[in-house]
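Computed from a predicted model, the values in this text were never measured in an experiment. The first residue in the sequence is number 1, and the count goes up from there.
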Amino acid sequence: MISNQDGSTQSFSTKGETTPLIVLPLKRPIPSSRWERRKNAYFVTLIYLTAMIAMGLVYAAQGPATLRLAEQADLVHGNATAKDVSKLTIMGIVNAADAIAALVGTLLGGYLVDRTCNWHYILSAYLVWQGLSFACFTLATNLWQLTLASLAWGLASTMPSLSTQAAMTWVWKQEVAPFMQLNNAAFGVGAIAAPALVSWNLRERESFHLSYWAIAGINILVAILPLLVKSPQRLEGIEEEDFEHEPISSIQAARCAISTAENKASLAVAAGNVPPVRLGKSLSTNSETVCQVGQDASDSDHTVTRSRNLKMSPPFTFYTFFGFYVATEIGLANWIASFAQINGIQHEVNAALLVSVYYGAFTVTRVLAAVMSSYISSRRLLAVCLMCATASMALLILAEIQKSQLLLWLFVGIFGFFEGPMWPAMMSTITEDYGFELQATHTALVLCSSKIGIFCCQLLFAYLLANHERGVYFSYAFLGIIVLAGCNFAWCNLVSLPNMVAASSRKRQSVGD
């Protein structure tokens, strides 16, 4: 007997025998229509896109002001045409300090998002902290103050990305690919505006302080928006994670819950913990599990279909990919302006705009990728982008050798265009093509790997730029890192992920037998 939402009850029997039923309570009322469900999802998505815009503002404002921050801390001396950058390596250590703090902040944030119902309050607090700590850069006048500001900002630097990407996978599930691209494109929107704002401030006032305080204020204002929506939660209930695409009744949800209980009971029987209990039937295929109540497995009224989700952590190579990828993404954004100034290719005002062009192309291709996600798999898109980004490195090498402004602008635009879709494409690949169920903890590990990549690239690029005789190796270092990212991706998709999925399938089959 099953209790319906209206208070009535129903019972089921097979071949004259009453089948014992276990009814699991629904965790939340199911929306009455598909449009109502999607309308709520769209609104939640819009709110979290604004958090990514605020994050993009902060990240992209650092690169154009790197040399100015170094001058403010008495690490770089000279004028616009001749700068003593012999101590720039120390600035690399300062920039890398935020990556160390971010490891702590990321792990803490992932833990809180996974285990806190109202984590939107935590996201708002992180955004306020991010704004205030970023403004502290303008007050730092020596190395230690600059390092403390970097550490303070690093603690909050990844929370918007961590929480919004986890929320996208929970809200959209198998449809996450275009929304993951849009989520990361929102980061690009902020990243386009920030360098342009810094460039204007440098041109009008010979300072970057006003632009930094404006960005801090925007982050504090955006912190209000997450308070308007309820935090999305990781969907563990079968009625929640399996029936997102079509409305179902409480009866259907209960029927599928019965089959889930049967599977759990079968495991208990195999372990010898409980006697066998007949609860119904459960049919499985490679891509779906059919939950049924009653005697006829072909009766469509008694069947519901769902996609399998792998409730395990992705392989190690999945995480290391982001370390290599982000080393190129953030490494270029943080150092391309300094590279152009030190090598005499661009003035600091125009060098700041290089970052805007980079993130402009970056954002355009993410929007295009969101549209293309219905026609091309995320895995193929990622492979094409990796090959084209690697080929574009020839332009940076030539620009450095010939001191060519045109080649540098071309490289920044082309590389940014193919760099843009990589992060969201890899996140979509793991859920869309391989069926992994990502948790906020997994996203936190992705961001930790990314921060390790940033830490290494900050030290490497600062060291190369501080030594003019080794300046040509700056381009070669970039080329080497993007090649490593491509090799990591190939190994992950050709070896690690297929082996893990196959092992999971064999395990499920052995349990079923």
- Report the distance from atom CH2 of Trp119 to atom OG of Ser163, rounding to the nearest 0.5 Å. 5.0 Å
- Exam field: side chain Asn201 to backbone Leu197, donor-acceptor pair closer than 3.5 Å: no
- Indicate, with yes or no, if the rings of Trp153 and Tyr59 have centres closer together than 6.0 Å. yes
- Near Trp129 CH2, under 6.0 Å, is it more than 12 heavy atoms from other residues, nucleotides or ligands? no
- Shortest non-hydrogen separation from Gly92 to Ala462 and the atoms involved: CA-CB, 3.5 Å
- Please step through side chain to side chain donor-acceptor pair (under 3.5 Å) for the pair Thr138 and Trp213, ending with a clear verdict. CA-CA 8 Å; Thr138 63; Trp213 279 100; 3.1 Å; yes
- Task: Measure the spacing between CZ of Phe324 and CD1 of Ile482 and express it to the nearest 0.5 Å.
- Result: 11.0 Å
- Item | Side-chain donor-acceptor pair present, Thr106, Thr158, cut-off under 3.5 Å | yes
- Contact summary for Met422 and Phe321, nearest pair of heavy atoms: O-CE2, 4.4 Å
- Task: Return yes if some donor-acceptor pair links the side-chain N/O of Ser150 with the main-chain N/O of Asp98 below 3.5 Å, else return no.
- Result: yes
Donor-acceptor contacts under 3.5 Å from residues 354-362 side chains, at least two apart:
{"residue": "Ser356", "atom": "OG", "partner": "Ile192", "partner atom": "O", "Å": "2.8"}
{"residue": "Ser356", "atom": "OG", "partner": "Ala196", "partner atom": "N", "Å": "3.1"}
{"residue": "Tyr358", "atom": "OH", "partner": "Glu329", "partner atom": "O", "Å": "3.3"}

- Do Val446 and Trp423 have side-chain heavy atoms sitting under 4.5 Å apart? yes
- Listed by chain and number, what are the side chain to side chain contact (heavy atoms under 4.5 Å, CB included) partners of Tyr121, not counting sequence neighbours? Asn118, Leu227
- Task: Using the ring pair (Phe, Tyr, Trp, His ring centres under 6.0 Å) rule, pick out the option among Phe461, Trp335, Tyr463 that qualifies with Phe474.
- Result: Phe461
- Item | Partner residues of Trp200 under the side chain to side chain donor-acceptor pair (under 3.5 Å) criterion, sequence neighbours left out | none
- Query: For Thr328, what residues pass the side chain to side chain donor-acceptor pair (under 3.5 Å) criterion, not counting sequence neighbours?
  - Reply: Glu419
- Any side-chain heavy atom of Ile215 sitting closer than 4.5 Å to one from Val58? yes
- Residues Ala223 and Val128: closest non-hydrogen pair is CB-CG2, 3.6 Å
- Query: For Leu381 and Val384, what are the C-alpha separation, side-chain angles and deciding distance, and is it a side chain to side chain contact (heavy atoms under 4.5 Å, CB included)?
  - Reply: CA-CA 5 Å; Leu381 176 64; Val384 171; 5.6 Å; no
- Message: Can a donor-acceptor pair be found, under 3.5 Å and without considering hydrogens, that links the side chain of Arg366 to the backbone of Gly420?
- Response: yes
- Phe455 and Leu459, any side-chain heavy atoms less than 4.5 Å apart: yes
- Item | Closest heavy-atom pair and its distance - Ser450, Phe322 | OG-CB, 3.6 Å
- Supply the atom-to-atom distance Leu460 CG to Phe478 CZ, rounded to the nearest 0.5 angstrom. 9.0 Å
- Task: Check the angle between the aromatic planes of Phe134 and Tyr212 and answer parallel, tilted or perpendicular using the 30° and 60° thresholds.
- Result: parallel
- Heavy-atom donor-acceptor pair, Ser199 side chain to Leu353 backbone, under 3.5 Å: no
- Heavy atoms, side chains only, cut-off 4.5 Å: are Asn142 and Gln72 in contact? no
- Task: State, to 0.1 Å, how close Met91 and Thr66 come at their nearest heavy-atom pair, and which atoms those are.
- Result: CE-O, 3.9 Å
- When rounded to the nearest 0.5 angstrom, what is the spacing between CG in Asn493 and CZ in Arg380? 12.0 Å
- Query: Does Ser124 use its side chain to pair, donor to acceptor, with the backbone of His120 at less than 3.5 Å?
  - Reply: yes
- Identify the two heavy atoms, one from Gly131 and one from Asn219, that lie closest to each other, and give their separation to 0.1 Å. CA-CB, 3.9 Å
- Please tell me if the side chains of Leu332 and Phe411 come closer than 4.5 Å, counting only heavy atoms from C-beta onward. yes
- Looking at OG of Ser161 and CG of Asn184, how far apart are the two atoms once the value is rounded to the nearest 0.5 Å? 6.5 Å
- Task: Step by step, work out the side chain to side chain contact (heavy atoms under 4.5 Å, CB included) result for Leu155 and Gln130.
- Result: CA-CA 8 Å; Leu155 286 173; Gln130 178 172 261; over 6 Å; no
- Just wondering, more than 12 heavy atoms not from Arg203 lying within 6.0 Å of its CZ? yes
N/O donor to acceptor pairs below 3.5 angstrom from side-chain atoms of residues 44-57, sequence neighbours left out:
{"residue": "Thr45", "atom": "OG1", "partner": "Ala41", "partner atom": "O", "Å": "2.7"}
{"residue": "Thr45", "atom": "OG1", "partner": "Trp172", "partner atom": "NE1", "Å": "3.0"}
{"residue": "Thr50", "atom": "OG1", "partner": "Ile47", "partner atom": "O", "Å": "2.4"}

Only distances under 3.5 Å count here; give the side-chain donor-acceptor pairs of residues 392-399 to other protein atoms, sequence neighbours excluded, each with its distance to 0.1 Å.
{"residue": "Ser392", "atom": "OG", "partner": "Ala389", "partner atom": "O", "Å": "2.7"}

- Check whether any side-chain heavy atom of Pro178 lies under 4.5 Å from a side-chain heavy atom of Met372, and answer yes or no. no
- Close side-chain approach of Leu447 to Val326, heavy-atom, < 4.5 Å: no
- Note on the structure: Value for OH (Tyr476) from CD (Glu400), rounded to nearest 0.5 Å, stands at 8.0 Å
- Query: Considering only heavy atoms from C-beta outward, does the side chain of Arg68 approach that of Phe137 to under 4.5 Å?
  - Reply: no
- Mind running side chain to side chain contact (heavy atoms under 4.5 Å, CB included) on Cys448 and Leu107 for me, showing each step along the way? CA-CA 8 Å; Cys448 284; Leu107 292 174; 3.7 Å; yes
- Query: Do Thr147 and Ile93 pass the side chain to side chain contact (heavy atoms under 4.5 Å, CB included) test, and can you show the C-alpha distance, the side-chain angles, and the key distance before you say yes or no?
  - Reply: CA-CA 8 Å; Thr147 304; Ile93 297 174; over 6 Å; no
- Message: Between Asn488 and Thr317, do the side chains contain a donor N or O and an acceptor N or O under 3.5 Å apart?
- Response: no
